[in-house]
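Here the structure is laid out as structure tokens; the discussion comes afterwards.
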Amino acid sequence: MAQRIKLTLPDGKVLEFASGITAAGVAEAIGAGLARAALAAVVDGRAVDLSTELDHDASFEILTFDSRAGREVFWHSSAHVMAQAVKALYPGAKLAIGPPIEEGFYYDFDLPSPLTEDDLGRIEERMKQLIAADTTFERREYSAAEARELFTREHEPYKVEILAQVEHEGETISVYTQGGFIDLCRGPHLPSTGRIKAFKLLAVAGAYWKDAEGNPQLQRIYGVSYPDKKLLQEFLVRREEAARRDHRKLGKELDLFSLQEEGGGGLVFWHPKGALIRHQIENFWREEHLKNGYDLVYSPHIARLNLWNRSGHTDFYAESMYPPFDIEGNPYQLKPMNCPFHILIYKSRLHSYRELPLRWAELGTVYRYERSGVLHGLMRVRGFTQDDAHIFCAKEEIEREIARTLDFSLYLLRAFGFQQMKIYLSTRPAKSIGEEADWVKAESSLRAALTAAGVEYAIDEGAGAFYGPKIDICVRDAIGREWQCTTIQFDFNLAERFDLTYVGADGNRHRPFLVHRALLGSLERFFGILIEHYAGAFPVWLAPVQVVVLPIVDSLNEYAGRVQQQLAAAGLRSQLDERSEKINLKIREAELAKIPYMFVIGAREAEAGQVTVRRHGRKEQKVVDLAEAIADIVSTDRQKEQ
RNA sequence: GCCCAUGUAGCUCAGGCGGUAGAGCACAUCCUUGGUAAGGAUGAGGUCACCGGUUCGAAUCCGGUCGUGGGCUCCA
């Protein structure tokens, strides 16, 4: 009498079961391996618990740790276990929210006294006990009134507040329990706590309730968890690798840059070696811009406050700007952006459609107020140099211009060694200015350019700036992390505010499109990204010292000096280590300094006009004629290859 | 800005429940002239972030300030 139901699997296969079978039962029927890996299921697009009984034909999928959704279930359940431990250890704790994140999970608590990192060990111990107990996660659905009564009784004011939201949205109200722990939760969850085979709590941090600063500050605990100890191990190794590449650490070790207490937070000092790398980046950048139809401009660092009033920055950007200051009774402002300056250049005379598009580029240094707590090495600073440009073009030209800019950006980023990019298109937000037709035109040109470039992209609906849609490009670094570099943005606001015009073929004035773009982002941040990407071992064309000459004994210093002269003559940057130290020491130090080439010189080499070449990170030695060795490096230098 | 942590020689760090500090590396001088990741000796170097309080006495305890790190928020 049991009814039969049909389940359609992701591969299109259809299986038949008796109605009332659980999702876990289906997994079991498909295979024992899958049943073991199963964390939850998706029925008709809805994630559900494995214990869910199925009673109608549906699409069906088992979630495992291999899928994003599966991991989210895993981490979400881990957050519940952590919350259970915290509630057991700190009786006054009130629960806020505990979602899965990119990698791992967190839970926010309102606690009578602050947590320190030392508390994490205690919480971990308790979690281990809870996991060993292998308690099942149980789901129950409640009416709004019942749930409200339950959480009021449990003294969980934040849950009551969330409940109001859930109720408002008309969602089913579900509550999960494991052991004595109760939480308002959409689910789904793991079958039981024992599925969490490995976990680690990582950090405590402050966070505001609902992320709003006026609200009470909660204490957030971050953690990660995995179904396998090996995966946790791998995660920890990845963290170590990231720490090893940290640009702040390498910046100090390699003497590239510093941030100084006496100098002020977020203000970067470029030391000679870092400055040399920046010089290389800037030269390349300028040359390529000139080759690609840009003109270079320069603008001042301060301007009358009136300019910033007209541009609207004093309205919509005030919180990022430093206070104005007085010069002979006139208020002036340190620049947080370059755009108004390029616009002033544009407005200095009348322009014809025949001149367009105008592409004006500047490595423009700007200053923005960032709250002390957010400063971070080179990644987040208060003074930085944007690789900025503004394109003024006619409506008919924008598609081509965007396509060009996109190609140019991808070309530049690839030259710096980034092969994989991720591209995002952000469209019109709810609150925005400008003509609907212009937005449509701008967005379609961005789409067309992306399609023409044959690159994949994701659309971020409504994430554009209020003044125009944009494309952002993120690079993927050597250890798989994403960093946003390029941004290409339309700006309808400034074109309007400054009443930009050009004279068209019809003799009438027209409004040009204004496109703002930074390809590397800022030189400071990009430098930080490069340091981490290369782990400090820069490719030959960027390396501050490309070759170090290492004579084995003092008596060969003279020959070594001549070798260095020849390197210089070939346009290579070299260093001569003529200290009375053993070759072992010299090599060790050259390796630690991550210098790409070592020329070791002994009596044999001096005799034959040769050098022994050793490359950074490789042990092989190659004895070659000096001229050949130099020619080889020169060609590598030109090719911008490692 | 807020929460947590943290600030000892140029760097990396020990120590210190109150009696003016120590190592390794780096630096200087000397010895050593040695073929692929640290040769040896000697020496110099610190108002223990800064300001204030408690105390006979503070680097150590307390308060504040500044910096740094991890978050929150925002973004290049």
Side-chain angles (χ1 to χ4, degrees), chain A residues 101 106 108 111 113-120 202-222 243 246 248-249 252-253 255 258-266 317 319-320 336-337 364 366 368-388 465 472 483-487 489 516-526 528-529 550-557 579-593 598-605 612-621 623:
Chain A
I101 52 175
Y106 68 79
D108 287 345
L111 290 167
S113 64
L115 284 176
T116 69
E117 310 248 334
D118 299 335
D119 292 306
L120 295 184
L202 301 171
V204 285
Y208 298 97
W209 167 237
K210 291 186 170 171
D211 287 345
E213 268 183 40
N215 284 340
Q217 183 150 26
L218 309 171
Q219 306 204 40
R220 176 171 297 180
I221 305 177
Y222 285 90
D246 191 311
R248 294 163 302 181
K249 179 170 167 283
K252 198 179 278 180
E253 285 173 8
D255 200 13
S258 62
L259 295 150
Q260 306 201 33
E261 185 166 350
E262 271 192 282
Y317 208 68
E319 79 282 2
S320 295
M337 289 190 184
V366 296
R368 298 183 187 172
Y369 170 66
E370 297 282 1
R371 303 200 285 180
S372 54
V374 307
L375 299 175
H376 179 89
L378 294 176
M379 300 303 184
R380 199 64 188 280
V381 295
R382 286 180 173 155
F384 58 95
T385 301
Q386 289 182 304
D387 69 312
D388 212 355
D472 292 325
W483 303 96
Q484 195 202 312
C485 292
T486 300
T487 184
Q489 311 186 340
H516 165 109
R517 44 113 288 193
L519 304 184
L520 307 180
S522 87
L523 292 181
E524 284 75 7
R525 183 180 144 86
F526 190 69
I529 295 168
L550 308 174
I552 291 169
V553 293
D554 290 355
S555 59
L556 296 167
N557 283 354
R579 295 173 303 167
S580 301
E581 293 292 350
K582 292 195 164 187
I583 193 65
N584 291 24
L585 195 263
K586 294 184 180 182
I587 284 173
R588 175 183 157 78
E589 291 189 354
E591 284 288 350
L592 291 175
M598 284 163 258
F599 280 7
V600 179
I601 291 170
R604 296 197 295 271
E605 290 86 346
T612 295
V613 181
R614 172 173 167 146
R615 299 211 47 185
H616 170 69
R618 305 184 202 172
K619 291 215 159 140
E620 316 89 79
Q621 327 167 15
V623 184

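So you know, we letter chains A, B, ... as the sequences are listed, proteins then strands, and number each from 1.
- The phosphate of B:G69 (OP1 or OP2) has no side-chain N or O of A:K249 nearer than 4.0 angstrom.
- B:G40 and B:G18 have their C1' atoms separated by 41 Å, with the value rounded to a whole Å.
- Using atom P as the reference point in both B:G24 and B:C50, the two lie 25 Å apart (nearest Å).
- Side-chain nitrogen and oxygen atoms of A:Y222 include none within less than 4.0 Å of the OP1 or OP2 phosphate oxygen of B:C4.
- Pairing for B:G7 is with B:C66, a Watson-Crick or G-U wobble pair whose two hydrogen-bonding atom distances lie under 3.5 Å.
- In this structure, A:R220 reaches the sugar-phosphate backbone alone: every heavy-atom distance under 4.0 Å involves primed, P, OP1 or OP2 atoms, never a base.
- B:C25 atom P lies 14 Å from atom CG of A:L592, rounded to whole Å.
- Residue contacts shown for A:V381 include a base, since a base heavy atom lies under 4.0 Å away.
- The residue A:E319 sits apart from the nucleic acid: no heavy atom pair falls under 4.0 Å.
- One C1' atom belongs to B:U8, the other to B:U20, and the distance between them is 14 Å to the nearest Å.
- For A:T487 and B:A76, the shortest distance from a side-chain N or O to OP1 or OP2 is not below 4.0 Å.
- B:G19 and B:C56 make up a base pair, with Watson-Crick or G-U wobble contacts both under 3.5 Å.
- The partner of B:A38 cannot be assigned: no Watson-Crick or G-U wobble pair with both contacts below 3.5 Å exists in any strand.
- Residue contacts for A:L585: at a heavy-atom cut-off of 4.0 Å it reaches the sugar-phosphate backbone alone, with no base atom in range.
- If you take atom P in B:G53 and the same atom in B:C72, they sit 40 Å apart, rounded to whole Å.
- Pairing for B:A26 is absent, with no Watson-Crick or G-U wobble pair whose two atom distances lie under 3.5 Å.
- For the OP1/OP2 pair of B:A76 and a distance below 4.0 Å, the side-chain nitrogens and oxygens of A:R368 include no atom meeting the criterion.
- Using a 4.0 Å heavy-atom criterion, one finds that A:E591 contacts the bases of the nucleic acid, with or without backbone contacts as well.
- A gap of 39 Å separates the C1' atoms of B:G1 and B:G57, to the nearest Å.
- The residue A:Q386 sits apart from the nucleic acid: no heavy atom pair falls under 4.0 Å.
- For A:H376, no side-chain nitrogen or oxygen approaches OP1 or OP2 of B:U68 to under 4.0 Å.
- In this model, a side-chain donor or acceptor of A:S580 finds a partner on the base of B:U33 within 3.5 Å.
- If you take atom C1' in B:C27 and the same atom in B:A9, they sit 11 Å apart, rounded to whole Å.
- The side chain of A:V374 lies closest to B:U73, out of B:G7, B:U36, B:U73.
- The partner of B:C2, taking Watson-Crick or G-U wobble pairs whose two distances both stay under 3.5 Å, is B:G71.
- When heavy atoms are screened at a 4.0 angstrom cut-off, A:G377 is found touching the sugar-phosphate backbone but no base atom.
- The gap from the C1' atom of B:C51 to that of B:A58 amounts to 14 Å, rounded to the nearest Å.
- Within the 4.0 angstrom heavy-atom criterion, no nucleotide atom of any strand lies near A:E524.
- Within 4.0 Å of A:A590, counting heavy atoms only, lies no atom of the nucleic acid at all.
- Taking the side chain of A:R525 as heavy atoms from C-beta on, and the options B:A76, B:G39, B:G1, the nearest nucleotide is B:A76.
- The side chain of A:R248 places an N or O atom within less than 4.0 Å of a non-bridging phosphate oxygen (OP1 or OP2) of B:G70.
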